[in-house]
Visitor: 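Starting off with a structure, shown below.
All values reported here derive from a predicted model rather than from experimental measurement. Basis for what follows: all heavy atoms, side chains included, without hydrogens, waters or symmetry-related copies. Order of listing sets the numbers, starting from 1, for every ligand and every atom in it.
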Amino acid sequence: PRPILLTRHGESRDNVRGRIGGDTVLRLEHISFEKFVISFIESLRASCYLQYCSEDQHLAFAQKCLNVNLDAGEIYAKKLADFVEKRLKSEKAASIWTSTLQRTIITASPIIGFPKIQWRALDEINAGVCDGMTYEEIKKNMPEEYEARRKDKLRYRYPRGESYLDVIQRLEPVIIELERQRAPVVVISHQAVLRALYAYFADRPLKEIPHIEVPLHTIIEIQMGVTGVQEKRYKLMD
Ligand code: G3H
């Protein structure tokens with residue numbers, strides 16, 4: 001049996017701010033106040049010091065600052081790359097599929113040795129006029145829309161955007177291609193899209209799709225064998 005590995009992108013800056021849609025990069029780790037003060041003092045020192053130092057020293061300093069401000073989403077990307085490289089070591093024909101949005105492409109970037117394919121059909125549900133808003137903002141500024149979605153999340157279509165049913169429909173070619181593959185595939189995508197893909201393989205009813213939990217920083221491995229579909233989950237970090 002060949003595995004299909006499903007995962008969301010590493011946590012993005014919009015995830016942290018609770019904003020939907022968008023095309024942001026991965027989130028900066030919350031650093032402790034103490035670390036922040038240290039890095040701030042270091043940058044102050046550096047602004048005087050760097051005027052007198054060589055390019056190498058300059059680089060070393062930049063490296064040190066970067067280490068203080070590690071990117072949590074990027075930590076996941078590295079952990080995912082380690083996992084994939086170990087798990088698919090002997091699978092020469094495996095491939096990595098992402099959406100066309102930055103956060104999935106960046107999450108895939110540390111994975112080496114496998115071809116990468118970008119699918120527009122794997123992009124997150126299009127939130128139309130609500131793109132970039134928080135749920136609180138939608139509730140406050142567009143209460144009818146908020147209520148309509150709450151009542152029927154599966155069929156609700158964002159003004160100038162999509163519904164879950166639209167997403168399910170646009171995923172059809174992806175599913176056909178996934179079924180056709182003989183080698184493992186790693187799909188790095190988004191919550192709404194992965195809900196629909198997962199539901200297809202796990203045979204979950206349509207009405208459940210918008211509510212299925214697809215946590216961040218977790219790989220869902222689907223094995224398609226003669227005896228049916230088996231599932232394993234790997235939580236790589238919080
Ligand atoms: O931005 C969209 C989210 O990933 C989808 O979540 O359908 O539960 O609002 P939601």
Visitor: Would you check if the side chain of Asp131 reaches a backbone N or O of Gly22 as a donor-acceptor pair within less than 3.5 Å?
Guide: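 Flag set: sc Asp131 to bb Gly22 pair under 3.5 Å.
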Visitor: Within ligand 1, which atoms have a heavy atom of Ile20 less than 4.0 Å away?
Guide: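 The list of qualifying atoms is 1 (O).
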Visitor: Flag Arg8 as yes when one of its N or O atoms lies below 3.5 Å from any N or O atom of ligand 1, and as no otherwise.
Guide: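 Checking ligand 1 against Arg8, no N or O pair falls under 3.5 Å apart.
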Visitor: Flag yes if more than 12 heavy atoms outside Glu179 fall under 6.0 Å of its CD atom; otherwise flag no.
Guide: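 Atom CD in Glu179 is packed in, count exceeds 12.
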Visitor: For Gly21, take its heavy atoms, then give the atoms of ligand 1 lying under 4.0 Å from any of them.
Guide: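 Atoms satisfying the 4.0 Å criterion: 1 (O).
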Visitor: Take Ser163 and Tyr158, measure what side chain to side chain donor-acceptor pair (under 3.5 Å) needs, and give me the verdict at the end.
Guide: CA-CA 6 Å; Ser163 67; Tyr158 282 109; over 6 Å; no
Visitor: Students should be able to answer this: which protein heavy-atom is nearest to atom 7 (O) of ligand 1, and at what distance?
Guide: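 Among all protein heavy atoms, the one nearest atom 7 (O) of ligand 1 is Tyr164 OH, 2.6 Å.
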Visitor: So is Arg195 in contact with ligand 1, going by heavy-atom distances below 4.0 Å?
Guide: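 A heavy atom of Arg195 does come that close to ligand 1.
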Visitor: Is it true that Glu91 and Lys89 have a side-chain N and a carboxylate O under 4.0 angstrom from each other?
Guide: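 No.
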Visitor: Give the atoms of ligand 1, by number and element, whose distance to some non-hydrogen atom of Arg149 is under 4.0 Å.
Guide: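 Counting atoms of ligand 1 from 1, those under 4.0 Å from Arg149 are 7 (O), 9 (O), 10 (P).
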Visitor: What is the nearest protein non-hydrogen atom to atom 2 (C) of ligand 1, stated with its residue, atom name and distance?
Guide: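 Nearest neighbour among protein heavy atoms for atom 2 (C) of ligand 1, to 0.1 Å: Glu124 OE2, 3.4 Å.
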Visitor: Starting from atom 9 (O) of ligand 1, locate the nearest protein heavy atom and write down its residue, its atom name and how far away it is, to 0.1 Å.
Guide: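 Checked against all protein heavy atoms, atom 9 (O) of ligand 1 sits closest to Tyr135 OH, 2.4 Å.
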Visitor: Is there a donor-acceptor contact under 3.5 Å from the side chain of Arg170 to the main chain of Asp123?
Guide: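 Between the backbone of Asp123 and the side chain of Arg170 there is a qualifying donor-acceptor contact (under 3.5 Å).
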Visitor: Looking at Lys79 and Asp82, is any side-chain nitrogen of the basic one under 4.0 Å from a carboxylate oxygen of the acidic one?
Guide: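 Salt bridge: no.
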Visitor: What atoms of ligand 1 come within less than 4.0 Å of a heavy atom belonging to Lys153?
Guide: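 Selected atoms, number and element: 7 (O), 8 (O), 10 (P).
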Visitor: Among side-chain atoms of Ser99 and Thr104, is any donor-acceptor pair under 3.5 angstrom?
Guide: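 Yes, Thr104 and Ser99 have a side-chain donor paired with an acceptor closer than 3.5 Å.
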Visitor: Judged by non-hydrogen atoms, does His190 sit under 4.0 Å from ligand 1?
Guide: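 Outside the 4.0 Å threshold, so no.
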Visitor: Does the N or O separation between Tyr158 and ligand 1 drop below 3.5 Å for any pair?
Guide: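 Such a contact does not occur with ligand 1.
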Visitor: Give a yes or no on whether the backbone of Thr134 and the side-chain of Glu137 come within a donor-acceptor separation of less than 3.5 Å.
Guide: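 A pair under 3.5 Å: yes.
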